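All remarks here apply to the structure that follows.
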Amino acid sequence: KAMAIVCDEGVYQYVIDLYMHDPSIFKKLFPMLGGFHLAKSALRCAGKYLRGSGIEDGLIEPEVFGPIVLETVLGGTHYYRSFVGLSIVEDALLQLKAEAFWMQQE
């Protein structure tokens, strides 16, 4: 059995570094990211995956985000902007998917 220790990103990084150097320190402890930082990391991963796919143009051209703000969206450094930006991308992709489906049905 182990007890979970919930940390923010900064503390988690130190805890993992300690764990890698001496795993015996955490025999009965399980370090993990908190919900907010876990979501922020997931947004950062999604942004990294989408970077270079052309999504930058799709968000800058219609003036949804400026080029500088887009970096915070795709980098996951600003949680709310990342969440909103990737929600917009998801909505656009779902609309394109539905449109393609209905065009194929005709």
Side-chain angles (χ1 to χ4, degrees):
K1 295 186 177 193
M3 182 174 88
I5 295 178
V6 180
C7 310
D8 69 356
E9 279 182 290
V11 173
Y12 182 76
Q13 189 174 16
Y14 289 121
V15 169
I16 293 301
D17 285 343
L18 285 171
Y19 179 75
M20 291 299 178
H21 285 90
D22 188 9
S24 65
I25 295 174
F26 296 105
K27 282 184 181 179
K28 300 223 178 214
L29 299 175
F30 178 74
M32 59 184 278
L33 280 173
F36 170 73
H37 291 282
L38 190 60
K40 196 172 164 187
S41 294
L43 291 170
R44 188 178 313 120
C45 288
K48 189 172 184 176
Y49 181 77
L50 290 172
R51 191 178 299 273
S53 67
I55 200 64
E56 295 94 340
D57 295 333
L59 292 172
I60 292 174
E61 289 296 320
E63 298 180 352
V64 175
F65 295 113
I68 295 171
V69 173
L70 185 63
E71 286 304 311
T72 66
V73 171
L74 295 179
T77 55
H78 193 285
Y79 175 78
Y80 183 73
R81 285 181 182 161
S82 293
F83 184 77
V84 168
L86 293 176
S87 295
I88 290 169
V89 170
E90 178 194 20
D91 187 45
L93 290 174
L94 286 174
Q95 287 180 7
L96 288 171
K97 186 177 176 181
E99 193 175 295
F101 173 78
W102 289 113
M103 287 180 77
Q104 192 177 34
Q105 296 300 318
E106 293 176 358

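Positions are given from 1 along the sequence. Predicted model only: the values in this text are computed from it and were never measured.
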Original post:
When rounded to the nearest 0.5 angstrom, what is the spacing between CZ in R44 and OG1 in T77?
Top reply: 8.5 Å
**OP:** Looking only at non-hydrogen atoms, find the nearest pair between I16 and P31 and report the distance.
**Re:** CD1-CG, 4.2 Å
Original post:
With sequence neighbours left out, what residues match F36 under ring-ring contact (aromatic ring centres under 6.0 Å, His included)?
Top reply: Y79
Original post:
Applying side chain to side chain donor-acceptor pair (under 3.5 Å), which residue pairs with at least one partner in residues 24-39 are found, sequence neighbours left out?
Top reply: E9-H37, D22-S24
Subject >> With F101 via side-chain contact (heavy atoms from CB on, under 4.5 Å) - residues at least two apart >> reply: Q105
Original post:
When rounded to the nearest 0.5 angstrom, what distance separates CG in L43 from CG in L38?
Top reply: 10.0 Å
Subject >> More than 12 heavy atoms of other groups within 6.0 Å of L96 CG >> reply: yes
Subject >> Shortest non-hydrogen contact from S82 toward G76 >> reply: OG-CA, 3.2 Å
**OP:** Please list all pairs passing the side chain to side chain donor-acceptor pair (under 3.5 Å) test where one or both residues lie in residues 48-74, with sequence neighbours left out.
**Re:** R51-E71
Got a list of side-chain donor-acceptor pairs under 3.5 Å for residues 85-95, not counting sequence neighbours?
unit_1	atom_1	unit_2	atom_2	d
S87	OG	F83	O	2.7
D91	OD2	Q95	NE2	3.3

Subject >> Residue pairs involving residues 30-39 (criterion salt bridge (charged side-chain N to carboxylate O under 4.0 Å, His left out); sequence neighbours excluded) >> reply: none
Original post:
Can you name the nearest heavy-atom pair linking R81 to V69, along with the distance?
Top reply: CD-CG1, 3.7 Å
Subject >> Residues that L18 engages under side-chain contact (heavy atoms from CB on, under 4.5 Å), provided they are two or more places apart >> reply: F26
